Amino acid sequence: EVQLVESGGGLVQAGGSLRLSCTASGFRFDDHVIGWFRQAPGKEREGVLCISTSDGSFYYGDSVKGRFTISSDNAKNTVYLQMNNLKPDDTAVYYCAADGRLLEPRSYHYWGQGTQVTVSS
């Protein structure tokens, strides 16, 4: 059974940092694309960053360029999203997903339950 579990969300002040984790099980972790997505109320789900666990290549969305980074620890079956210089507009539920194409949400087959990130002004 494929499972993805996010953790690390919470409440943070604008300008602060937060590190999210996505731990996967049930599939070969080192040969997949893992993506981070987010969805705020009333908005479309958008791609944040994704990474290929096989070669470490990644793609990012314009809204987080220069502030967020993605990394993987294949030994721990975990992908991290480091979020710096957070803004109130970053407030959303953040999801990790597996087995998709770049930052297209509808292409991903497996999803976690999400973790709430709230950035205060």
Side-chain angles (χ1 to χ4, degrees):
E1 179 182 358
V2 174
Q3 291 186 335
L4 300 169
V5 180
E6 303 97 334
S7 63
L11 176 65
V12 64
Q13 288 183 297
S17 298
L18 209 58
R19 186 178 181 88
L20 306 183
S21 299
C22 173
T23 299
S25 62
F27 65 97
R28 186 178 177 90
F29 183 80
D30 62 356
D31 191 24
H32 277 272
V33 174
I34 308 293
W36 281 100
F37 300 82
R38 66 185 184 184
Q39 189 164 22
K43 295 185 178 181
E44 296 275 339
R45 186 169 297 189
E46 67 170 333
V48 178
L49 277 162
C50 68
I51 187 169
S52 170
T53 58
S54 63
D55 63 12
S57 61
F58 62 91
Y59 302 88
Y60 53 85
D62 289 342
S63 64
V64 303
K65 183 169 57 180
R67 299 188 297 121
F68 293 7
T69 58
I70 191 169
S71 62
S72 66
D73 185 339
N74 289 1
K76 297 180 179 179
N77 287 358
T78 299
V79 168
Y80 302 97
L81 180 66
Q82 179 67 48
M83 305 185 294
N84 298 321
N85 192 24
L86 284 160
K87 304 174 180 180
D89 285 348
D90 295 319
T91 296
V93 177
Y94 284 71
Y95 301 90
C96 64
D99 195 17
R101 183 182 67 85
L102 301 178
L103 294 177
E104 173 49 60
R106 291 174 293 181
S107 72
Y108 283 77
H109 295 281
Y110 307 107
W111 292 84
Q113 292 300 118
T115 184
Q116 176 71 46
V117 172
T118 302
V119 184
S120 62
S121 60

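Source: prediction; values computed, not measured.
Under the 4.5 Å side-chain criterion, counting only non-hydrogen atoms from C-beta, Ile34 is in contact with Phe29. Within the 4.5 Å cutoff, the side chain of Trp36 has no heavy atoms near those of the Leu103 side chain. Counting only heavy atoms from C-beta outward, the side chains of Met83 and Arg67 never approach each other to under 4.5 Å.
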Throw together a table of side-chain donor-acceptor distances under 3.5 angstrom for residues 114-121, partners on residues two or more places apart or in other chains.
| from | atom 1 | to | atom 2 | distance (Å) |
| --- | --- | --- | --- | --- |
| Thr115 | OG1 | Gly9 | N | 3.2 |
| Gln116 | NE2 | Ala92 | O | 3.4 |
| Gln116 | NE2 | Thr118 | OG1 | 3.4 |

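In the hydrophobic clustering of this structure, Tyr60 groups with Leu18; members are Ile, Leu, Val, Met, Phe, Trp, Tyr whose side-chain heavy atoms approach within less than 4.5 Å, directly or through other members. Residue Phe37 is not grouped with residue Val79 when hydrophobic side chains (ILVMFWY) are merged at heavy-atom distances under 4.5 angstrom, including chains of intermediate members. Leu86 and Ile70 end up in the same hydrophobic cluster when Ile, Leu, Val, Met, Phe, Trp and Tyr side chains are linked at under 4.5 Å.
Atom-to-atom distance recorded for Leu20:CG and Tyr94:OH is 7.5 Å, nearest 0.5 angstrom. For the atom pair CG of Leu81 and SG of Cys50, the computed distance is 11.5 Å after rounding to the nearest 0.5 Å. Considering CZ of Arg45 and CZ of Arg38, their distance stands at 13.0 Å, rounded to 0.5 Å. To the nearest 0.5 Å, the span separating CZ on Phe68 from CG on Asn85 amounts to 9.0 Å. Between the CG atom in Leu49 and the CZ atom in Phe58 there is a gap of 7.5 Å [rounded to 0.5 Å].
Nearest heavy atom pair, residue Gly16 against residue Val12, reads CA-CG2, 4.0 Å. Nearest heavy-atom pair, Tyr95 versus Gln39, reported as atom, atom and distance to 0.1 Å: CE1-CB, 4.4 Å. Of all non-hydrogen atoms in Trp111 and Pro105, the two that sit nearest each other are CZ2-O, 3.2 Å.
Below 30°, between 30° and 60°, or above 60°: for Phe27 and His32 the angle between ring planes is above 60°, a perpendicular geometry.
Enclosure of atom CZ in Arg19 by more than 12 non-hydrogen atoms of other residues, nucleotides or ligands within 6.0 angstrom is indicated. For Tyr59, the OH atom counts as loosely surrounded, since its 6.0 Å shell holds 12 or fewer non-hydrogen atoms of other residues, nucleotides or ligands.
Gln113 contributes no side-chain N or O that, together with a main-chain N or O of Glu6, makes up a donor-acceptor pair within less than 3.5 Å. A donor-acceptor pair under 3.5 Å is absent between the side-chain atoms of Asp99 and the main chain of Tyr110, judged by distance alone. A side-chain donor-acceptor contact under 3.5 Å links Glu104 to the backbone of Arg106. Counting only distance, with no hydrogens or angles, the side chain of Thr53 and the backbone of Asp31 share a donor-acceptor pair below 3.5 Å.
Residues satisfying the salt bridge (Lys or Arg N to Asp or Glu O under 4.0 Å) criterion with Asp89, sequence neighbours excluded, are absent altogether.
For Asn77 and Thr23, the side-chain atoms include no donor-acceptor pair closer than 3.5 Å.
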